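The block underneath contains the structure these notes are about, expressed in structure tokens.
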2 protein chains.
Amino acid sequence: MKKDNVEKMNEPSKNKSLDPTPVKVSVPPSRVKIVQALKLLIRDKDFNSITTAEISRVAGVNEALIYRHFNDKRGLLHAVLSEYLNEFVSNLMFDLKGIKGAINKIRKFVWASIHYYNDDRVFSKIQLLEVRNFPGYFESETYQIVKRYAGLLLEIIEEGITSGSIRDDIAPSSIRQFILGSIEHYCLPAIIFGHAIDGDVMADNLCEILFEGIKKKN
Amino acid sequence: MKKDNVEKMNEPSKNKSLDPTPVKVSVPPSRVKIVQALKLLIRDKDFNSITTAEISRVAGVNEALIYRHFNDKRGLLHAVLSEYLNEFVSNLMFDLKGIKGAINKIRKFVWASIHYYNDDRVFSKIQLLEVRNFPGYFESETYQIVKRYAGLLLEIIEEGITSGSIRDDIAPSSIRQFILGSIEHYCLPAIIFGHAIDGDVMADNLCEILFEGIKKKN
DNA sequence: CTTTTATATAAGTAATACATACTTACATGA
DNA sequence: TCATGTAAGTATGTATTACTTATATAAAAG
């Protein structure tokens with residue numbers, strides 16, 4: 001009954017005055033341990049092959065806590081993805097602020113997306129390989145963040161059409177799907193086979209094709 | 001012990017003389033029943049939520065036969081996908097035969113791919129959503145067929161670069177990823193949300209962007 | 001007629017995701 | 001100082017899962 005009170009003191013109540021948010025909800029240590037355990041495990045295994053017993057063992061917490069904090073195994077996956085997505089989309093929105101012109105904005109959008117996929121393979125694995133097969137995902141909170149991301153691109157395309165820099169004979173949503181698809185497929189082999197890639201070159205290539213097409217110019 | 005001998009007679013050994021292939025390996029009726037059961041179930045559920053008990057129940061065969069014929073549950077999925085892929089790639093290779101010029105071939109390639117994804121949603125669901133998350137897939141026989149499909153496109157692109165109809169300042173493999181990605185992402189929303197789409201329009205749009213880019217021409 | 005081989009089945013098993021009942025820690029307010 | 005409410009954590013249990021094994025049958029082969 002007294003051997004475990006050492007571990008409980010490693011997270012003192014220091015989040016009072018220095019926090020940017022005034023009322024910080026204290027996140028339980030077990031919760032962050034579980035999240036980190038999944039992030040670690042998903043590096044080399046697919047989500048389905050990872051067991052809840054394994055997650056709790058690596059996290060060093062009781063298995064039932066997964067269900068306390070995340071309701072079910074899939075909820076944990078979605079929570080992890082949400083974290084990534086929120087950071088990514090927030091940064092992207094900020095990065096786009098100073099840029100003028102739809103074409104330039106799209107270039108930035110492509111560049112940032114490729115780099116984010118490339119820099120964090122755990123994020124890309126979850127986003128591109130592990131959530132879409134589960135129908136419930138598209139009713140989840142997490143998917144709403146993806147819609148914000150896709151909506152961002154759609155607005156830029158519409159702006160470009162209005163200002164005359166983007167062709168108006170193809171539906172904006174089609175152009176968007178086109179761009180999102182090529183971004184993802186550009187990164188996919190590297191993610192699946194664990195290659196290192198040069199995000200700058202990839203973004204340049206992709207934008208070249210996107211803005212000029214693949215036909216040889218005369 | 002005698003109530004089930006009725007079902008056993010519904011597949012007589014008629015595949016002897018009329019077959020195009022001289023030596024046709026007789027496929028056991030239970031095998032095709034299992035395949036059909038999975039095809040039926042995967043229409044509304046993700047592969048993971050489908051149980052082997054469910055498959056065998058719908059197929060009307062014993063559960064152990066899944067393992068006799070396909071080794072494991074994933075093997076069944078791969079076998080089903082292989083069937084589709086073989087048919088698709090064979091047809092595609094045939095369809096490309098009469099066409100001259102890399103650009104025209106790519107147009108056909110895009111058109112055929114979109115239509116195949118669109119016409120059989122079971123195939124597209126498996127191919128785009130259910131196999132890639134499993135690492136073992138990329139060592140499977142099934143994936144080799146996909147490589148033939150992707151190799152086909154790569155050859156066309158290289159032919160186009162050699163003949164001067166496709167730009168030579170971007171790696172062929174990059175162009176290929178670009179095209180494959182846009183094809184898939186074009187179809188993805190329809191597959192996920194069950195929309196009906198117009199494959200002709202989609203192929204036209206995609207080729208337009210592909211060959212001319214999204215910038216407005218002056 | 002016997003042996004072999006492929007097809008089928010019933011009855012398991014270990015492991016899985018998840019549930020339940022319970023305890024401990026801690027904050028708040030009288 | 002005590003009572004109360006709430007969140008964090010745990011031990012143990014359970015139905016279901018993918019997969020296995022031993023055995024039966026029926027047709028083909030010898």
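Keep in mind the model is a prediction, meaning the values are calculated, not measured. Lettering follows sequence order; numbering is per chain, from 1. Keep in mind that the numbers below use all heavy atoms, side chains included, and drop hydrogens, waters and symmetry copies.
Computed from coordinates, the A:Y67 OH to D:dT10 C1' distance equals 15 Å when rounded to whole Å. Taking atom CZ of B:R68 as the reference point, atom P of C:dA10 lies 15 Å away to the nearest angstrom. In this structure, the CG atom of A:N71 is 13 Å from the P atom of C:dT20, given to the nearest Å. Rounding to whole angstrom units, CG of residue B:L38 and C1' of D:dA18 are separated by 15 Å. The distance from atom CG of A:N62 to atom P of C:dT20 is 16 Å, rounded to the nearest whole Å. Per the geometry, CG belonging to B:L65 stands 13 Å off C1' belonging to D:dT25, to the nearest Å. One can place CZ of B:R57 at 16 Å from P of C:dT9, the figure rounded to the nearest angstrom. Protein atom CZ of A:R31 is 14 Å distant from nucleotide atom P of D:dA7, rounded to whole Å.
For B:H185 and A:F178, the gap between ring centers reaches or exceeds 6.0 Å. Between A:F109 and A:Y149, the distance separating the two ring centers is shorter than 6.0 angstrom.
Of the two residues near DNA chain D, A:H69 and A:E63, the one whose nearest nucleotide lies more 5' is A:H69.
In this structure, A:E130 has no salt bridge (Lys or Arg N to Asp or Glu O under 4.0 Å) partners at least two apart in sequence or on a different chain. Contacts of A:R43 classified as side chain to side chain contact (heavy atoms under 4.5 Å, CB included), with partners at least two apart in sequence or in another chain: A:V122. Under the rule for a side chain to side chain contact (heavy atoms under 4.5 Å, CB included), the partners of A:I192 that lie at least two apart in sequence or sit in another chain are A:L129, A:L188, B:F138.
Checking each of A:L81, A:T142, A:D120, A:L85 against A:I126 for a side chain to side chain contact (heavy atoms under 4.5 Å, CB included) leaves exactly one that passes, namely A:L81.
Between D:dA8 and A:S30, no contact under 4.0 Å exists linking OP1 or OP2 to a side-chain N or O.
Looking at residues 72-80 of chain B, you'll see that no heavy atom sits under 4.0 Å from any atom of DNA chain C. Within residues 42-56 of chain B, the residues that have a heavy atom under 4.0 Å from DNA chain D are, in order of number, B:I50, B:T51, B:T52. A heavy atom closer than 4.0 Å to some atom of DNA chain D occurs in no member of residues 136-143 of chain B.
Ionic pairing of A:E63 and A:R57 is not present here: no N-O contact between side-chain nitrogen and carboxylate oxygen is shorter than 4.0 angstrom. Under a 4.0 Å N-O distance rule, the pair B:E158/B:R176 does not qualify as a salt bridge.
Minimum interatomic distance between B:R132 and B:L128 (heavy atoms only, all atoms of both residues): NH2-CD2, 3.9 Å.
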Apply side-chain contact (heavy atoms from CB on, under 4.5 Å) to the pair A:Q177 and B:S182, showing each step before the final yes or no.
CA-CA 7 Å; A:Q177 282 310 102; B:S182 24; over 6 Å; no

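A donor-acceptor pair shorter than 3.5 Å can be found between the side chains of A:W111 and A:D200.
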